[in-house]
Amino acid sequence: MVGLSLGEKHFIQGGIAQDIRSDGRKRLTYRPINVETGVIPQANGSARIRMGATDVISTVKAELGKPISLQPDKGKVSIYVDCSPTAAPMFEGRGGEELSTELSVALQRSLLGGKSGAGAGIDLSSLVVVEGKICWDLYIDCLVVCSDGNLLDALGAAIKAALSNTGIPRVQVAAGASGDEQPEVDISDEEFLQFDTSDIPVIVTLTKVGRHYIVDATTEEESQMSSAISISVNRKGHICGLTKRGGAGLDPSIVLDMISVAKHVSEQLINKLDSEIAAAEAGDDES
Amino acid sequence: MAGKPGTTPTTYSPSPTTQKTRKPIFNKDDVDWVRPDGRGFHQCRPAFFRTGAVNAASGSAYAEFGNTKVIVSVFGPRESKKAMMYSDIGRLNCSVSYTTFATLVRGQGSEHKDFSSMLHKSLEGAIILETFPKTTVDVFALVLESGGSDLPVVISCASLALADAGILMHDLVASVSLSCLGKNLVIDPILEEESYQDGGLLITCMPSRYEVTQLTVTGEWSTPKINEVSLSTGIIAYFYPHLEELCCIREWNELHDFV
């Protein structure tokens, strides 16, 4: 909970109405995005994203597992978010659990697509090693280091960056295993396969304050919101997921308007993020 | 509640569930696909609502959409726990649980951890929380049988239970979900359709205020498809009058006029 005086509240609301926010940004401007990749050596891929004071880390771990019997031709991906009490005292104990679940579910909804796998950012069939027997399980774990609003967009960006940083070891399957036998595998520790991350959507959260929407809201601004919609959009401009937050109801026409604004914003965000990730990867290789 | 008003019975008598057999998998190229239960694409399942299902609760409701059966009880407003900070608006506490026998595989219902917060978010915009400061209202939902579109049924049923408890609301909340199967959009999907869906959409709204209180989308959707949201608000507007009529919540209407 942010303790704001009445004057501060009016200042934030008035600023948004006049298209100049407390930190000088316009309504549809993001804070500068800082991307670092390869920050966790133990993981197959990792990234840290900073947007203002919001600071999140995302890691990808790949383990060999068995596909579920209903979908033998697909690997598994799970996304978990941890809100550490180091970020805010209210996350202590079970306090962060509700937010963690909410964020995890929203990310799964945005990135993993429908039940049949349509619209998924990650192609699950590319994770299969031997159909019905061996597949890669991707564990995407995110940590909120510091929270200053717009966590979902930052987490989405961090996952995208972490996945482009991820190398999956090449697996050699020993020939000869037949029938129900579990084939023997040889995991290479030199050859790594890169992920195709071009289809991974970005998440754009539009926060409605008064009659206007803003992107990349800070905690102070979020405390003044009536409702917010997080929309994940891929490069093709298709919507891959949508989550609404905040109690106030919205007119359906406003929802559709917010979707079109989010699409417009997402184009810029995708390009910006891609160049930041490329720059981070390049810097990573040099060092 | 089904598509054609003339042919629909006003109440739906529950029939013993017939033995379920695995239907053939939906084929994406199949244009003339017929839904497993023979409904039209834009047709809801036969529905049944009843208030006053639990005597001990301040308000309760039972709802049935095809095989999906839920029961919702509302307790309170009661004094908030001592540990809670002072609040000049009321608190809403929502919990959705599944019976262990609700799903085909025993105990599968525990997968839906997010339903409680989804229910909370869908209802909080409709309830006038200012009318019960310092107190808490508990909404407990139990899914007796899961037959697909569980959450929309829970949400619609919970708003009825709240009305039955005399909690002041701006409007009833009605909810429906859509599944995208290949090129087809089907409304109020059953479990089987949900498991093959390419994308899903859940919308909850207050029909007489024409406000969306909650909206979630999964899977890939192009712009024209998203515009189909208006289709689902249309469907909600269609079944809302039934909702009101079926449960005879006269007292609630009086309170509503008073506000």
Side-chain angles (χ1 to χ4, degrees), chain A residues 1 69-71 80 90 97-121 199 201 226-260 262-263, chain B residues 25-26 28 85 89 92 112-118 120-127 129 170-171 173 179-182 189 193-206 209-223 225-234 236:
Chain A
M1 221 51 202
S69 52
L70 278 175
Q71 292 173 318
Y80 295 103
M90 62 176 180
E97 213 168 83
E98 199 179 319
L99 183 65
S100 302
T101 327
E102 199 181 316
L103 289 170
S104 314
V105 170
L107 286 169
Q108 282 164 11
R109 194 178 284 137
S110 307
L111 301 173
L112 303 186
K115 283 244 168 67
S116 71
D199 276 343
S226 57
S227 52
I229 289 191
S230 301
I231 301 156
S232 75
V233 188
N234 65 11
R235 193 178 290 281
K236 283 179 266 175
H238 288 182
I239 292 152
C240 304
L242 187 151
T243 313
K244 183 181 170 292
R245 280 187 298 145
L250 286 173
D251 193 277
S253 63
I254 294 181
V255 176
L256 295 178
D257 187 42
M258 284 170 106
I259 290 173
S260 64
K263 271 190 186 172
Chain B
I25 300 172
F26 166 70
K28 270 187 183 149
M85 277 199 303
I89 60 165
L92 182 65
H112 308 286
K113 279 186 198 129
D114 57 319
F115 277 15
S116 302
S117 72
M118 284 286 290
H120 183 269
K121 284 191 277 185
S122 311
L123 294 174
E124 67 173 344
I127 300 173
L129 292 168
H170 294 294
D171 191 3
V173 179
S179 271
C180 178
L181 289 152
E193 289 165 329
E194 276 185 339
S195 63
Y196 295 122
Q197 70 182 8
D198 296 319
L201 183 149
L202 169 94
I203 186 164
T204 67
C205 79
M206 296 188 274
R209 283 166 67 105
Y210 203 55
E211 269 182 24
V212 177
T213 60
Q214 185 56 248
L215 175 68
T216 56
V217 177
T218 44
E220 192 169 337
W221 296 71
S222 56
T223 317
K225 276 215 179 124
I226 276 294
N227 288 332
E228 301 262 351
V229 172
S230 53
L231 167 91
S232 42
T233 47
I236 290 178

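Just so we're on the same page: letters track the sequence lines, and every chain starts at 1.
Counting heavy-atom pairs closer than 4.5 Å to chain A, the top residue among B:D114, B:T204, B:L215, B:I127 is B:L215.
If you take CG on B:L201 and CG on A:L242, they are separated by 8.0 Å, rounding to the nearest 0.5 Å. Note that CD of B:Q214 and OG of A:S227 are 10.0 Å apart. Values are rounded to the nearest 0.5 Å. To the nearest 0.5 angstrom, A:D251 atom CG is 10.0 Å from B:C205 atom SG. How far OG1 of B:T218 is from CD1 of A:I239: 12.5 Å, rounded to the nearest 0.5 Å.
Residues A:R109 and B:V217 approach most closely at CG-O, 3.4 Å, considering heavy atoms. Of all heavy-atom pairs spanning A:K244 and B:V212, the tightest one is CE-O, 3.7 Å.
Using a 4.5 Å cut-off between heavy atoms, A:I259 touches chain B through its side chain atoms alone.
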List the steps, then state whether side-chain contact (heavy atoms from CB on, under 4.5 Å) holds for A:E98 with B:H120. CA-CA 12 Å; A:E98 199 179 319; B:H120 183 269; 6.0 Å; no

